[in-house]
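The basis for the numbers below is simple: all heavy atoms, side chains too, and nothing from hydrogens, waters or symmetry mates.
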Amino acid sequence: MVHDSMKQWQHGHDFSIHNETGERRTRYVLLLTACTMVAEIVAGSAYGSMALLADGWHMATHVAAFFITIFAYHYARKHSDNPAFSFGTGKVNVLGGFASAVALAVVALVMLVESAQRIIDPRAIHFNEAIVVAVIGLVVNIISAILLKEGHDHDHRHDHGHDHDHNLKAAYFHVLADALTSLLAIVALVSGKYLGWYWLDPMMGIVGAVIITRWSYGLLKQTSPILLDASIAQPSQQAIVKAIEKDPDSRVTDIHVWRVGANHYAAIIAVVSDHPQPAEHYKQLLRSFDMLAHVTVEVNPAPSRPVQAQP
(Lines give C-alpha, C1' and ligand atoms only; values in the text may rest on other atoms or scores of the structure.)
Protein backbone atom coordinates (compact mmCIF):
# COMPACT_ATOMS: atom_id res chain seq x y z
CA MET A 1 0.00 0.00 0.00
CA VAL A 2 2.80 2.38 0.88
CA HIS A 3 4.49 1.63 -2.43
CA ASP A 4 1.27 2.41 -4.34
CA SER A 5 0.69 5.66 -2.48
CA MET A 6 4.23 6.77 -3.28
CA LYS A 7 3.50 6.75 -7.03
CA GLN A 8 1.50 9.97 -6.84
CA TRP A 9 4.63 11.78 -5.63
CA GLN A 10 6.81 10.44 -8.41
CA HIS A 11 7.30 12.14 -11.76
CA GLY A 12 9.18 11.52 -14.96
CA HIS A 13 12.64 12.75 -15.84
CA ASP A 14 12.31 12.74 -19.60
CA PHE A 15 13.60 16.17 -20.57
CA SER A 16 14.89 15.18 -24.00
CA ILE A 17 13.57 16.70 -27.21
CA HIS A 18 11.50 14.24 -29.24
CA ASN A 19 11.71 15.62 -32.76
CA GLU A 20 10.61 12.73 -34.96
CA THR A 21 10.29 14.99 -38.00
CA GLY A 22 13.82 16.31 -37.55
CA GLU A 23 15.21 12.80 -37.07
CA ARG A 24 13.45 11.47 -40.17
CA ARG A 25 14.58 14.40 -42.32
CA THR A 26 18.14 14.03 -41.04
CA ARG A 27 18.11 10.46 -42.37
CA TYR A 28 17.05 11.77 -45.79
CA VAL A 29 19.84 14.36 -45.70
CA LEU A 30 22.35 11.69 -44.67
CA LEU A 31 21.42 9.63 -47.74
CA LEU A 32 21.62 12.64 -50.10
CA THR A 33 24.94 13.78 -48.66
CA ALA A 34 26.44 10.28 -48.83
CA CYS A 35 25.45 9.93 -52.50
CA THR A 36 26.91 13.34 -53.34
CA MET A 37 30.07 12.50 -51.41
CA VAL A 38 30.59 9.30 -53.44
CA ALA A 39 29.91 11.16 -56.70
CA GLU A 40 32.47 13.88 -55.89
CA ILE A 41 35.15 11.42 -54.80
CA VAL A 42 34.65 9.27 -57.90
CA ALA A 43 34.53 12.31 -60.21
CA GLY A 44 37.55 13.88 -58.56
CA SER A 45 39.56 10.69 -59.01
CA ALA A 46 38.39 10.17 -62.60
CA TYR A 47 39.01 13.75 -63.77
CA GLY A 48 42.13 14.34 -61.72
CA SER A 49 40.46 17.24 -59.91
CA MET A 50 41.89 17.72 -56.44
CA ALA A 51 39.25 20.37 -55.73
CA LEU A 52 36.42 17.88 -56.21
CA LEU A 53 38.27 15.12 -54.38
CA ALA A 54 38.94 17.39 -51.41
CA ASP A 55 35.31 18.54 -51.31
CA GLY A 56 34.18 14.91 -51.43
CA TRP A 57 36.25 13.98 -48.40
CA HIS A 58 35.08 17.19 -46.74
CA MET A 59 31.51 15.98 -47.20
CA ALA A 60 32.54 12.66 -45.65
CA THR A 61 33.13 14.46 -42.34
CA HIS A 62 29.59 15.82 -42.57
CA VAL A 63 28.22 12.33 -43.19
CA ALA A 64 29.94 11.30 -39.95
CA ALA A 65 28.34 14.30 -38.21
CA PHE A 66 24.89 13.26 -39.43
CA PHE A 67 25.50 9.80 -38.00
CA ILE A 68 26.21 11.53 -34.67
CA THR A 69 22.94 13.43 -34.97
CA ILE A 70 20.87 10.31 -35.69
CA PHE A 71 22.64 8.32 -32.97
CA ALA A 72 21.90 11.06 -30.43
CA TYR A 73 18.19 11.00 -31.28
CA HIS A 74 18.08 7.19 -31.04
CA TYR A 75 20.06 7.00 -27.80
CA ALA A 76 18.02 9.72 -26.07
CA ARG A 77 14.75 8.04 -27.02
CA LYS A 78 15.90 4.53 -26.10
CA HIS A 79 17.15 5.54 -22.63
CA SER A 80 14.58 8.24 -21.84
CA ASP A 81 13.24 6.19 -18.86
CA ASN A 82 16.55 4.69 -17.78
CA PRO A 83 17.04 5.36 -14.03
CA ALA A 84 20.80 5.32 -14.56
CA PHE A 85 20.44 8.91 -15.85
CA SER A 86 19.60 11.08 -12.86
CA PHE A 87 17.74 13.70 -14.90
CA GLY A 88 16.97 11.69 -18.02
CA THR A 89 18.67 11.95 -21.39
CA GLY A 90 17.85 15.58 -22.11
CA LYS A 91 21.49 16.45 -22.59
CA VAL A 92 22.19 13.75 -25.16
CA ASN A 93 20.90 15.93 -28.00
CA VAL A 94 22.96 18.82 -26.65
CA LEU A 95 26.02 16.56 -26.56
CA GLY A 96 25.31 15.60 -30.19
CA GLY A 97 25.26 19.28 -31.10
CA PHE A 98 28.53 19.87 -29.23
CA ALA A 99 30.24 16.94 -30.98
CA SER A 100 29.05 18.17 -34.37
CA ALA A 101 30.30 21.67 -33.57
CA VAL A 102 33.75 20.21 -32.89
CA ALA A 103 33.54 18.39 -36.23
CA LEU A 104 32.68 21.70 -37.92
CA ALA A 105 35.77 23.28 -36.38
CA VAL A 106 37.93 20.42 -37.67
CA VAL A 107 36.44 20.84 -41.16
CA ALA A 108 37.23 24.56 -41.06
CA LEU A 109 40.81 23.85 -40.01
CA VAL A 110 41.30 21.32 -42.82
CA MET A 111 39.88 23.81 -45.33
CA LEU A 112 42.20 26.54 -44.05
CA VAL A 113 45.32 24.35 -44.25
CA GLU A 114 44.43 23.02 -47.70
CA SER A 115 43.67 26.50 -49.04
CA ALA A 116 46.99 27.80 -47.73
CA GLN A 117 48.80 24.93 -49.42
CA ARG A 118 47.08 25.72 -52.74
CA ILE A 119 48.18 29.35 -52.52
CA ILE A 120 51.78 28.18 -52.12
CA ASP A 121 51.51 25.33 -54.61
CA PRO A 122 48.72 25.95 -57.19
CA ARG A 123 47.17 22.87 -58.81
CA ALA A 124 45.59 22.39 -62.20
CA ILE A 125 41.79 22.30 -62.16
CA HIS A 126 39.49 20.68 -64.74
CA PHE A 127 37.02 23.56 -64.70
CA ASN A 128 34.16 22.12 -66.79
CA GLU A 129 33.81 18.87 -64.88
CA ALA A 130 34.41 20.56 -61.53
CA ILE A 131 31.74 23.22 -62.17
CA VAL A 132 29.10 20.63 -63.12
CA VAL A 133 29.69 18.52 -60.03
CA ALA A 134 29.87 21.61 -57.78
CA VAL A 135 26.49 22.80 -59.11
CA ILE A 136 24.97 19.36 -58.43
CA GLY A 137 26.42 19.48 -54.93
CA LEU A 138 24.92 22.92 -54.33
CA VAL A 139 21.46 21.76 -55.45
CA VAL A 140 21.64 18.74 -53.14
CA ASN A 141 22.73 20.94 -50.25
CA ILE A 142 19.87 23.41 -50.83
CA ILE A 143 17.36 20.54 -50.81
CA SER A 144 18.96 19.18 -47.62
CA ALA A 145 18.85 22.60 -45.95
CA ILE A 146 15.15 22.96 -46.77
CA LEU A 147 14.43 19.52 -45.32
CA LEU A 148 16.22 20.28 -42.04
CA LYS A 149 14.81 23.80 -41.79
CA GLU A 150 11.26 22.50 -42.14
CA GLY A 151 12.01 19.80 -39.56
CA HIS A 152 13.15 22.50 -37.12
CA ASP A 153 10.11 24.70 -37.83
CA HIS A 154 7.80 21.69 -37.39
CA ASP A 155 9.34 21.10 -33.96
CA HIS A 156 8.70 24.73 -32.96
CA ARG A 157 5.09 24.65 -34.12
CA HIS A 158 4.36 21.65 -31.91
CA ASP A 159 6.20 22.90 -28.84
CA HIS A 160 5.42 26.36 -27.55
CA GLY A 161 8.12 26.11 -24.90
CA HIS A 162 10.63 27.56 -27.34
CA ASP A 163 12.69 24.38 -27.44
CA HIS A 164 16.05 24.55 -29.14
CA ASP A 165 17.10 21.27 -30.73
CA HIS A 166 20.87 21.79 -30.75
CA ASN A 167 21.33 18.38 -32.36
CA LEU A 168 19.21 19.32 -35.38
CA LYS A 169 20.70 22.81 -35.46
CA ALA A 170 24.18 21.29 -35.74
CA ALA A 171 23.06 19.12 -38.67
CA TYR A 172 21.54 22.21 -40.31
CA PHE A 173 24.83 24.09 -39.92
CA HIS A 174 26.70 21.19 -41.51
CA VAL A 175 24.40 21.39 -44.54
CA LEU A 176 24.86 25.16 -44.72
CA ALA A 177 28.62 24.65 -44.54
CA ASP A 178 28.43 22.23 -47.47
CA ALA A 179 26.23 24.64 -49.43
CA LEU A 180 28.61 27.50 -48.69
CA THR A 181 31.67 25.56 -49.85
CA SER A 182 29.84 24.50 -53.02
CA LEU A 183 28.77 28.08 -53.74
CA LEU A 184 32.24 29.48 -53.12
CA ALA A 185 33.71 26.71 -55.27
CA ILE A 186 31.38 27.63 -58.16
CA VAL A 187 32.32 31.32 -57.90
CA ALA A 188 36.01 30.46 -57.79
CA LEU A 189 35.82 27.94 -60.65
CA VAL A 190 33.83 30.25 -62.94
CA SER A 191 36.21 33.14 -62.19
CA GLY A 192 39.20 30.90 -62.81
CA LYS A 193 37.83 29.60 -66.11
CA TYR A 194 36.70 32.90 -67.64
CA LEU A 195 38.86 35.51 -65.89
CA GLY A 196 41.98 33.53 -65.11
CA TRP A 197 41.69 34.27 -61.39
CA TYR A 198 43.22 31.00 -60.23
CA TRP A 199 44.10 32.51 -56.87
CA LEU A 200 40.41 32.94 -56.06
CA ASP A 201 39.91 29.20 -55.50
CA PRO A 202 42.13 28.98 -52.39
CA MET A 203 40.99 32.43 -51.18
CA MET A 204 37.37 31.29 -51.24
CA GLY A 205 38.43 28.27 -49.21
CA ILE A 206 39.85 30.58 -46.53
CA VAL A 207 36.68 32.70 -46.50
CA GLY A 208 34.56 29.57 -46.12
CA ALA A 209 36.77 28.31 -43.29
CA VAL A 210 36.35 31.58 -41.38
CA ILE A 211 32.55 31.53 -41.75
CA ILE A 212 32.29 27.88 -40.70
CA THR A 213 34.52 28.61 -37.68
CA ARG A 214 32.07 31.31 -36.58
CA TRP A 215 29.15 28.84 -36.86
CA SER A 216 31.11 26.29 -34.87
CA TYR A 217 31.99 28.81 -32.16
CA GLY A 218 28.36 29.92 -31.84
CA LEU A 219 27.16 26.35 -31.42
CA LEU A 220 29.92 25.55 -28.90
CA LYS A 221 28.99 28.68 -26.97
CA GLN A 222 25.37 27.52 -26.76
CA THR A 223 25.99 23.89 -25.84
CA SER A 224 29.03 24.10 -23.52
CA PRO A 225 27.29 25.87 -20.61
CA ILE A 226 24.48 23.29 -20.69
CA LEU A 227 26.91 20.36 -20.55
CA LEU A 228 28.86 22.05 -17.73
CA ASP A 229 25.71 22.69 -15.66
CA ALA A 230 26.11 26.44 -15.82
CA SER A 231 23.64 28.36 -13.68
CA ILE A 232 20.59 30.09 -15.12
CA ALA A 233 20.99 33.75 -16.09
CA GLN A 234 21.21 36.04 -13.06
CA PRO A 235 18.01 38.03 -13.82
CA SER A 236 16.00 34.79 -14.01
CA GLN A 237 17.51 33.52 -10.76
CA GLN A 238 16.70 36.79 -9.03
CA ALA A 239 13.11 36.56 -10.30
CA ILE A 240 12.80 33.08 -8.76
CA VAL A 241 14.15 34.32 -5.43
CA LYS A 242 11.79 37.31 -5.51
CA ALA A 243 8.78 35.07 -6.18
CA ILE A 244 9.51 33.01 -3.06
CA GLU A 245 10.44 35.94 -0.82
CA LYS A 246 7.11 37.63 -1.56
CA ASP A 247 5.81 35.09 0.93
CA PRO A 248 5.88 36.66 4.45
CA ASP A 249 8.85 35.72 6.63
CA SER A 250 10.43 33.54 3.91
CA ARG A 251 14.02 33.96 2.77
CA VAL A 252 16.00 32.00 0.18
CA THR A 253 19.33 30.99 1.71
CA ASP A 254 20.64 28.80 -1.09
CA ILE A 255 19.62 28.30 -4.72
CA HIS A 256 20.95 26.24 -7.62
CA VAL A 257 19.23 26.34 -11.02
CA TRP A 258 20.75 24.53 -13.98
CA ARG A 259 19.72 22.93 -17.26
CA VAL A 260 18.92 19.25 -17.44
CA GLY A 261 18.07 19.42 -21.15
CA ALA A 262 18.12 21.86 -24.00
CA ASN A 263 15.35 23.95 -22.44
CA HIS A 264 14.41 22.35 -19.11
CA TYR A 265 15.81 23.48 -15.78
CA ALA A 266 16.12 21.81 -12.39
CA ALA A 267 16.22 23.80 -9.17
CA ILE A 268 17.30 23.07 -5.61
CA ILE A 269 16.21 25.83 -3.25
CA ALA A 270 16.70 26.20 0.50
CA VAL A 271 14.15 28.38 2.31
CA VAL A 272 14.20 29.67 5.88
CA SER A 273 10.93 30.91 7.37
CA ASP A 274 9.54 31.97 10.74
CA HIS A 275 6.37 30.15 9.80
CA PRO A 276 7.46 27.20 7.61
CA GLN A 277 5.00 25.89 5.05
CA PRO A 278 5.01 22.54 3.20
CA ALA A 279 7.42 22.35 0.25
CA GLU A 280 4.47 22.22 -2.15
CA HIS A 281 3.47 25.72 -1.01
CA TYR A 282 6.77 27.17 -2.25
CA LYS A 283 6.59 25.19 -5.47
CA GLN A 284 3.22 26.78 -6.15
CA LEU A 285 4.86 30.20 -5.85
CA LEU A 286 7.05 29.18 -8.82
CA ARG A 287 4.26 27.81 -11.02
CA SER A 288 4.65 30.71 -13.49
CA PHE A 289 8.23 29.64 -14.29
CA ASP A 290 7.47 27.11 -17.03
CA MET A 291 11.13 26.27 -17.64
CA LEU A 292 11.47 24.74 -14.14
CA ALA A 293 10.79 21.07 -14.85
CA HIS A 294 12.22 19.65 -11.61
CA VAL A 295 12.09 21.62 -8.35
CA THR A 296 13.31 20.49 -4.93
CA VAL A 297 12.62 22.75 -1.95
CA GLU A 298 14.26 22.41 1.45
CA VAL A 299 12.32 24.23 4.18
CA ASN A 300 14.01 25.15 7.45
CA PRO A 301 12.55 26.98 10.45
CA ALA A 302 14.25 30.23 11.31
CA PRO A 303 16.51 29.89 14.34
CA SER A 304 14.83 31.14 17.46
CA ARG A 305 16.11 34.45 18.72
CA PRO A 306 17.45 34.48 22.25
CA VAL A 307 15.21 36.28 24.73
CA GLN A 308 16.90 39.37 26.08
CA ALA A 309 16.91 39.76 29.83
CA GLN A 310 14.75 42.59 31.13
CA PRO A 311 16.62 45.23 33.15
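Annotation: the span from Ile206 atom CD1 to Met203 atom CE amounts to 5.0 Å, rounded to 0.5 Å. One distance of note links CG of Leu292 with CD1 of Ile240; it measures 4.5 Å at 0.5 Å rounding. Atoms OH and CD, from Tyr282 and Glu298 in turn, are 12.0 Å apart once rounded to the nearest 0.5 Å. In this structure, SG on Cys35 lies 12.5 Å from CD1 on Ile136, to the nearest 0.5 angstrom. Distance CD1/Ile146 to CG/Asn141: 11.0 Å, rounded to 0.5 Å. Of the inter-residue distances, the one linking Leu176 atom CG with Leu183 atom CG reads 11.5 Å to the nearest 0.5 angstrom.
What you find for Val252 and Glu245 is that their closest heavy atoms are N-OE2, 3.0 Å. When every heavy atom of Ala243 is checked against every heavy atom of Phe289, the shortest pair comes out as CB-CE1, 3.8 Å. Residue Val271 comes nearest to Thr253 through the heavy atom pair N-OG1, 4.4 Å, listed as atom of the first residue, atom of the second, then distance. Heavy atoms only, all atoms of each residue included: Ile269 and Ile255 are closest at CG1-CG1, 4.0 Å. In this structure, Pro276 and Val299 approach most closely via the heavy-atom pair CB-CG1, 3.8 Å. Of all non-hydrogen atoms in Val257 and Ala267, the two that sit nearest each other are CG2-CB, 3.9 Å.
One hydrophobic cluster, built from ILVMFWY side chains closer than 4.5 Å, holds both Ile142 and Ile131. Under the 4.5 Å side-chain contact rule for hydrophobic residues, Leu228 and Tyr217 do not share a cluster. Taking hydrophobic clusters as Ile, Leu, Val, Met, Phe, Trp and Tyr residues chained together by side-chain heavy-atom distances below 4.5 Å, Leu31 does not share a cluster with Leu138. Both Val187 and Leu195 belong to a single network of hydrophobic side chains, linked directly or stepwise wherever heavy atoms of I, L, V, M, F, W or Y lie under 4.5 Å apart. Both Val42 and Val140 belong to a single network of hydrophobic side chains, linked directly or stepwise wherever heavy atoms of I, L, V, M, F, W or Y lie under 4.5 Å apart.
Apart from Val113 itself, the hydrophobic cluster it occupies contains Leu109, where clustering links Ile, Leu, Val, Met, Phe, Trp and Tyr at side-chain heavy-atom distances under 4.5 Å.
Side-chain contact check for Ile232 versus Met291: some heavy-atom pair is nearer than 4.5 Å. Within the 4.5 Å cutoff, the side chain of Lys283 has heavy atoms near those of the Val297 side chain.
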